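In this text, all values refer to a predicted model and were calculated from it rather than measured experimentally.
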There are 2 protein chains.
Amino acid sequence: MREDTRSRIQEVALRLFTEQGYEATSLREIAEELGVTKAALYYHFKTKDDIVASLVDSRLAELDELLEWFKGREKTTETRRELVERYADLLRGTRHIEVARFLERNQTAMRDHPTLIKIRDRMMDLAAEMSGPGATPVERISRSLAMFAVHAGKWLLKEGELSEDEVHKAALEVARRLLEI
Amino acid sequence: MREDTRSRIQEVALRLFTEQGYEATSLREIAEELGVTKAALYYHFKTKDDIVASLVDSRLAELDELLEWFKGREKTTETRRELVERYADLLRGTRHIEVARFLERNQTAMRDHPTLIKIRDRMMDLAAEMSGPGATPVERISRSLAMFAVHAGKWLLKEGELSEDEVHKAALEVARRLLEI
DNA sequence: GTCTATACGACGATAGAC
DNA sequence: GTCTATCGTCGTATAGAC
């Protein structure tokens with residue numbers, strides 16, 4: 001019994017960090033919800049940041065994989081579109097949508113977190129890789145914005161206005177057009 | 001002498017909040033840089049949040065004005081473009097660029113701040129006002145993204161790659177094309 | 001190996017003296 | 001208008017019970 005305390009901490013922490021923000025969520029809050037003390041958390045994780053690290057590591061691995069795949073391909077409108085579609089699929093993966101949402105909402109609080117910095121670097125690398133050295137500023141911004149459109153759909157529109165599937169399809173369509181500029 | 005302590009607090013606080021983040025900046029840090037104690041800050045401002053409120057109030061007023069102007073106009077590609085251009089000009093205003101940058105970087109920390117909530121509402125209202133009830137999801141997302149493109153240029157591109165003016169012009173061009181979808 | 005009890009310095013905030 | 005002193009809570013750390 002209670003051998004899965006570690007994963008229960010991850011689950012509760014991710015939910016509270018996303019709902020209330022990382023800094024606004026205290027370890028006491030997490031511990032109380034689980035019926036243990038703060039100190040128990042420190043047995044399973046070195047620091048508060050370490051709980052985050054355990055959550056975001058898999059997302060970094062996926063981005064590494066995506067970047068590696070794209071580097072080996074020709075850069076055409078077609079492959080750029082495929083990249084954005086793969087990225088969108090990644091965001092819709094079973095567990096990682098919650099992690100992505102947490103990262104979106106806690107960029108500032110996490111700005112010195114090593115894994116977060118790496119994730120941000122991979123995103124920049126992907127954007128840079130889409131445009132060679134000869135690309136115009138308009139092309140660079142359009143292509144970067146195309147990747148971003150997949151994220152943006154979620155919080156640019158009022159809630160309940162459209163279904164999640166409608167937003168997803170429409171955001172991909174906007175991204176596709178941005179890549180054709 | 002030192003009758004302008006209030007504005008000096010605002011100046012130092014805005015800089016540190018933007019550079020290090022709101023929660024990562026302590027009142028002790030601000031006070032020490034000014035050569036006073038924490039308690040002195042509490043004479044000029046009720047709370048830490050109150051320092052922020054004094055900074056962002058003028059930006060809310062400008063957004064209110066912009067929304068009011070747009071409401072009274074016909075909704076065409078031409079007026080939507082003019083809206084985005086006015087918004088971009090607003091961002092380039094002498095003092096408000098620093099405040100806009102602070103707000104960009106501290107969304108999560110400020111999520112319960114009354115003025116911040118109002119600013120976010122005005123942005124949503126502007127996005128909604130650009131598309132009537134008959135607009136398609138693709139049109140809605142494109143137009144929202146057009147406003148966002150003006151912000152995005154700054155942190156989508158690697159630093160030093162392009163001048164601030166080049167980024168500004170290219171972002172506006174991308175926005176213009178998004179409005180023509 | 002899993003957790004509790006207890007304590008540390010720094011934080012935002014307040015009360016009251018000068 | 002600015003100070004000292006103090007409050008409760010925070011993240012963090014360790015000693016030791018089971």
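At D/dT2, one or more side-chain N or O atoms of B/Thr5 fall inside 4.0 Å of OP1 or OP2 (strictly under the cut-off). Listed pair B/His44 / D/dT2 meets the phosphate criterion, a side-chain N or O lying under 4.0 Å from OP1 or OP2. Remark: B/Thr37 is in phosphate contact with D/dC3, judged by side-chain N or O atoms under 4.0 Å from OP1 or OP2.
Taking 4.5 Å as the limit, every side-chain heavy atom of A/Asp64 sits out of range of all side-chain heavy atoms of A/Lys118. Between A/Met130 and A/Met147, some side-chain heavy-atom pair lies under the 4.5 Å cut-off. Using a 4.5 Å cut-off on side-chain heavy atoms (C-beta onward), B/Glu23 and B/Phe17 make no contact. At a threshold of 4.5 Å between non-hydrogen side-chain atoms, the residues A/Asn106 and A/Thr18 do not count as touching.
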> Reading nucleotides 11-18 of chain C from the 5' end, what letters show protein touch, with B for base, S for backbone sugar-phosphate only, - for no heavy atom under 4.0 Å?
Replying inline: SBBB----
Pairs under 3.5 angstrom only: tabulate donor-acceptor contacts from the side chains of residues 51-63 of chain B to other protein residues two or more places apart or in another chain.
from	atom 1	to	atom 2	distance (Å)
B/Ser54	OG	B/Gln10	NE2	2.9
B/Ser54	OG	B/Ile51	O	2.7
B/Ser58	OG	B/His96	NE2	3.3
B/Arg59	NH2	B/Tyr87	OH	3.2

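What separates CZ of A/Phe17 from C1' of D/dC10 is a distance of 13 Å, to the nearest Å. Atom CG of B/Leu34 and atom P of D/dC3 are 11 Å apart (whole Å). Spacing between atom CG of A/Leu41 and atom P of D/dA13 amounts to 14 Å, rounded to whole angstrom units. Rounded to whole Å, atom P of D/dC3 lies 12 Å from atom CD of B/Glu32.
Here the options are A/Thr136, A/Val138, A/Ile181, the test is side-chain contact (heavy atoms from CB on, under 4.5 Å), and the partner is B/Glu173; only A/Val138 passes.
Cation-pi contact between B/Lys48 and B/Tyr42: absent, since separation from the ring centre below 6.0 Å together with deviation from the ring axis within 45° is not met.
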>> Before you tell me yes or no, could you show the steps for B/Glu82 and B/Arg73 under salt bridge (Lys or Arg N to Asp or Glu O under 4.0 Å), namely the whole-Å CA-CA distance, both residues' side-chain angles and the distance that decides it to 0.1 Å?
In response: CA-CA 11 Å; B/Glu82 196 178 340; B/Arg73 313 221 66 191; 3.3 Å; yes
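In the region residues 110-118 of chain B, proximity to DNA chain C at under 4.0 angstrom, judged on heavy atoms, holds for none of the residues.
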